2 protein chains.
Amino acid sequence: MKKVSLKDIAEMTGVSTSTVSFILNGKASEMRISEALKKKVLATANRLGYQPNQVAVSLRTGQTKILGLLVEDISNNFFAMLAKTIEDEAEKFGYRVVYCSTENDSKKGQALLRMLAQRQVDGFLITPTSGMEQDIRKLHSQHKPVVLMDRCFSGMEVPHVLVNNYGGTSEAMQHLIKKGYTRIGFITVDLGLNQMLEREAAYSDAIAKMPATKAKAKKTVLTINYHSSKEENKKQISKFIKSNKLDAVFFATNYLGILGLECLREQQIRIPNELAVVCFDDHDIFRLYIPDISVVQQPVEEMGRKAVHLLMDQLGKERTGSKDQQLRLNAKFVARESTSREA
Amino acid sequence: MKKVSLKDIAEMTGVSTSTVSFILNGKASEMRISEALKKKVLATANRLGYQPNQVAVSLRTGQTKILGLLVEDISNNFFAMLAKTIEDEAEKFGYRVVYCSTENDSKKGQALLRMLAQRQVDGFLITPTSGMEQDIRKLHSQHKPVVLMDRCFSGMEVPHVLVNNYGGTSEAMQHLIKKGYTRIGFITVDLGLNQMLEREAAYSDAIAKMPATKAKAKKTVLTINYHSSKEENKKQISKFIKSNKLDAVFFATNYLGILGLECLREQQIRIPNELAVVCFDDHDIFRLYIPDISVVQQPVEEMGRKAVHLLMDQLGKERTGSKDQQLRLNAKFVARESTSREA
DNA sequence: AATGGTTGCTAAATCGATTTAGCAAAACAC
DNA sequence: GTGTTTTGCTAAATCGATTTAGCAACCATT
């Protein structure tokens with residue numbers, strides 16, 4: 001059982017490949033192919049189990065019907081969910097998605113972008129890392145359809161879908177302050193990503209605006225080194241919490257929060273009585289933890305869907321009303337037990 | 001800035017496309033291309049930023065250098081980890097991996113298999129669902145390289161990498177029995193997957209062999225409906241535990257365990273004092289939970305690597321010593337707090 | 001000067017589809 | 001019976017690479 005090509009069917013039925021192609025692509029009547037011949041060709045195609053070679057189709061049509069999705073780490077829940085919604089949404093438009101993880105390594109990111117370009121993907125969906133700015137600019141200048149997600153570069157006119165990091169963080173900070181926490185720390189990561197900076201800015205502003213009665217409130221930030229070992233980072237976190245006598249801590253992203261929980265567990269620090277915890281970005285772990293952890297939820301599905309739509313706009317799939325090419329979606333604070341200490 | 005092709009370079013430098021192709025593929029000396037010309041072509045290729053069109057290359061060479069990976073659900077941690085190791089390992093052999101999730105839907109699984117075949121992937125890595133048997137047989141009979149992982153069909157001669165489900169489960173059961181638990185329940189899912197059946201068989205055998213002193217020990221199994229709602233399933237679990245007065249429960253796979261934790265949390269059942277918990281397959285949540293959950297760890301990395309190796313063997317990359325085409329790797333029980341009640 | 005061997009490069013086929021332009025035969029018009 | 005249309009189909013170009021077979025031009029040999 002070898003592979004069956006158009007030519008095989010053509011030879012079997014004694015017609016030309018053109019005719020077979022027309023029939024199989026539903027252009028039989030348009031091309032005035034007789035009903036009898038159509039039936040015959042369809043039947044043998046079916047019998048032989050013909051499956052068109054997409055590689056050849058792509059070469060000829062110039063379309064692969066594939067989108068490239070570049071995320072930080074596909075095994076991180078946030079990106080896995082994002083990938084899933086994107087895949088489902090893209091399918092509705094007849095596109096497949098191939099995912100790649102950059103692991104925050106700009107060399108790897110560049111290599112992957114190049115690889116996707118060589119594979120002739122029809123469009124790019126990217127959660128960029130700091131080193132990718134040049135490459136993305138280049139893609140965009142070559143008129144390749146590109147959409148950025150979750151983060152972007154200031155001053156870049158590329159379409160993107162972001163989250164209202166500032167608003168979500170502010171909301172969470174208000175909650176902590178209202179609950180009477182005064183020594184609130186902020187733990188972030190040194191990737192220079194602008195969504196992290198926005199979250200930190202909201203934190204700083206919230207601290208600065210704290211009622212004067214709580215006079216001693218001060219900005220207290222720990223910036224974790226992304227490439228350090230887990231153990232080293234846990235040590236840092238525990239030292240940060242203890243030496244600053246914090247009563248609450250805000251983690252800027254989900255893996256920091258998870259690492260934090262691991263650290264608190266080892267240090268036997270009780271949540272929320274000894275320390276309140278909030279994390280940006282929800283996760284099964286936070287929902288299931290005892291006590292469950294207050295979080296700022298990101299609109300993952302909406303982000304994925306909107307991103308695909310922005311890309312389809314560029315691919316000429318003119319969905320109705322494609323107005324703004326740069327979106328910002330709202331994040332939502334969800335209060336749970338981790339921020340409600342017993343009176 | 002349009003796309004640059006071989007032909008463009010050929011015209012710019014005044015040579016034929018053949019020559020350019022030879023040079024860019026490192027066959028310059030083999031084809032006795034003069035050093036001067038080689039330099040010139042390389043220079044202009046570089047200057048124009050030439051990137052070969054992989055679609056064309058694939059069509060011509062008959063190789064896409066792409067492997068298709070079909071898993072149950074890429075957002076499930078186990079499969080995400082598996083995908084990651086596979087991706088890394090495949091890269092060493094010059095292959096890219098595209099992942100797809102079947103979501104245990106055999107229709108979707110078939111559609112994905114067909115799609116991957118049409119895209120001319122060079123090989124398949126599959127965690128099959130029960131409905132895929134026919135399709136996989138067909139692939140194998142067409143001499144397409146295929147490797148199954150995690151599960152397989154009895155009597156199928158397709159290469160695969162499995163886990164010693166029976167051994168891992170037995171080990172966990174011994175542990176529970178030694179700890180004095182007597183009313184041990186088993187919760188599985190109705191997908192008819194053989195790895196689940198093996199785990200259940202180990203459970204049953206362990207119960208049957210329990211010391212006679214613990215006379216009342218009886219097989220107590222709940223089979224969850226995969227497609228039921230989460231709420232319905234939680235209700236089932238809670239009823240199962242209460243009505244059977246269980247003192248320990250074994251979850252056959254990670255999402256059941258996670259669902260179980262959620263359920264126990266809502267029912268305010270304390271672990272391990274009221275109920276001991278063990279789950280097949282580790283997860284961040286189990287490691288971080290308070291108390292942390294005893295699990296049977298699967299050798300994910302090893303499975304991924306071995307699977308790629310089995311596939312490479314079929315692709316003729318003759319790694320040294322490719323002996324057995326059907327592997328079974330050991331699972332390891334890890335005792336944690338969830339199975340050690342206070343005396 | 002004829003022969004043979006290198007050297008350095010190219011023409012053309014090929015992979016498997018799509019699509020444009022056009023051809024022969026039949027049908028119709030008058 | 002001749003001219004025009006319509007019908008039903010096909011030849012050939014094309015996408016962008018790889019690769020086989022082979023052609024000139026030059027050199028060396030006798």
Side-chain angles (χ1 to χ4, degrees), chain A residues 2-42 44-45 48-66 94 115 117-122, chain B residues 2-42 44-45 48-66 94 115 117-122:
Chain A
K2 296 299 318 232
K3 219 167 274 169
V4 184
S5 73
L6 259 198
K7 207 171 150 195
D8 295 327
I9 299 180
E11 282 167 5
M12 296 232 98
T13 50
V15 299
S16 73
T17 59
S18 330
T19 306
V20 178
S21 173
F22 291 135
I23 293 173
L24 295 182
N25 287 299
K27 301 191 181 159
S29 58
E30 186 184 332
M31 285 292 138
R32 301 180 279 227
I33 309 290
S34 67
E35 200 57 31
L37 185 52
K38 177 175 159 186
K39 278 221 178 89
K40 188 172 162 196
V41 168
L42 245 26
T44 59
L48 300 185
Y50 172 70
Q51 303 197 183
N53 181 328
Q54 284 300 330
V55 172
V57 173
S58 293
L59 178 60
R60 174 61 230 233
T61 62
Q63 289 204 100
T64 51
K65 292 290 182 178
I66 295 181
M115 186 244 113
Q118 291 188 5
R119 303 260 186 213
Q120 314 294 123
V121 298
D122 291 340
Chain B
K2 296 299 320 230
K3 219 165 276 169
V4 185
S5 72
L6 258 199
K7 204 170 151 197
D8 296 326
I9 299 180
E11 282 167 4
M12 295 233 98
T13 50
V15 297
S16 74
T17 59
S18 333
T19 307
V20 177
S21 174
F22 289 136
I23 293 174
L24 295 181
N25 286 299
K27 300 191 180 157
S29 58
E30 186 184 331
M31 286 292 138
R32 302 179 278 229
I33 310 290
S34 68
E35 201 57 29
L37 184 53
K38 177 176 157 185
K39 279 224 177 84
K40 189 172 160 195
V41 168
L42 246 26
T44 58
L48 300 184
Y50 171 71
Q51 304 198 181
N53 182 328
Q54 283 301 331
V55 172
V57 173
S58 293
L59 178 58
R60 175 61 230 232
T61 62
Q63 291 203 93
T64 52
K65 291 290 181 179
I66 294 181
M115 186 243 109
Q118 291 188 4
R119 303 262 186 209
Q120 314 294 123
V121 298
D122 291 341

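In what follows, every chain begins at residue 1, and chains take the letters A, B, ... in the order their sequences are listed. Values in this document were obtained by computation on a predicted structure and should not be read as measured data.
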Between atom CG in B/Leu6 and atom P in C/dT10, what is the gap in whole Å?
13 Å
Selected nucleotide, minimal atom distance to A/Phe22 side chain, candidates D/dT10, D/dC15, C/dA17:
D/dT10
According to side chain to side chain contact (heavy atoms under 4.5 Å, CB included), who are the partners of B/Lys7, at least two apart in sequence or on a separate chain?
B/Ser5, B/Glu11, B/Thr17
Touch class at under 4.0 angstrom, heavy-atom based, for B/Lys27 against every strand present
sugar-phosphate
Between D/dG16 and B/Tyr50, is there an OP1 or OP2 to side-chain N/O distance shorter than 4.0 Å?
no
Closest contact, heavy atoms only, B/Tyr50 versus B/Val4
CD1-O, 3.4 Å
Heavy-atom side-chain contact between B/Lys38 and B/Met31 under 4.5 Å
no
Would you please confirm or rule out a distance under 4.0 Å between OP1 or OP2 of D/dT18 and any side-chain N or O of B/Asn25?
yes
What is the distance, rounded to the nearest whole Å, between atom NZ of B/Lys3 and atom C1' of D/dG16?
11 Å
Here the distance between atom C1' of D/dA17 and atom CD of A/Gln118, to the nearest Å, is 13 Å
If we only count heavy atoms from C-beta on, is the B/Arg119 to B/Ile66 side-chain gap below 4.5 Å?
no
Is the phosphate of D/dT10, meaning OP1 or OP2, less than 4.0 Å from a side-chain N or O of A/Ser18?
no
Between C1' on D/dT10 and NZ on A/Lys7, what's the gap in Å once rounded to a whole number?
15 Å
Might you confirm whether atom CE of B/Met115 has over 12 heavy atoms from other residues, nucleotides or ligands at distances under 6.0 Å?
yes
Within this structure, what is the NZ-to-P distance between A/Lys65 and C/dA17, rounded to whole angstrom?
18 Å
Using the side chain to side chain contact (heavy atoms under 4.5 Å, CB included) rule, pick out the option among A/Thr19, A/Ile23, A/Leu24, A/Asn25 that qualifies with A/Ser21.
A/Asn25
Any side-chain heavy atom of B/Val57 sitting closer than 4.5 Å to one from B/Thr64?
no
Please enumerate all protein N or O atoms sitting under 3.5 Å from an N or O of nucleotides 5-9 of chain D, with distances to 0.1 Å.
residue: D/dC9; atom: OP1; partner: A/Ser34; partner atom: OG; Å: 3.4
residue: D/dC9; atom: OP2; partner: A/Ser34; partner atom: N; Å: 2.6
residue: D/dC9; atom: OP2; partner: A/Ser34; partner atom: OG; Å: 3.2

Using whole Å, report how far CD of A/Gln51 lies from C1' of C/dG16.
14 Å
The side chain of A/Thr17 is closest to which nucleotide in this list: D/dA17, C/dG16, C/dT18?
C/dT18
Measure CD/A/Gln120 against C1'/D/dC15 and give the value in whole Å, please.
11 Å
Rounded to whole Å, please give me the gap between CG in A/Asn53 and C1' in D/dC15.
13 Å
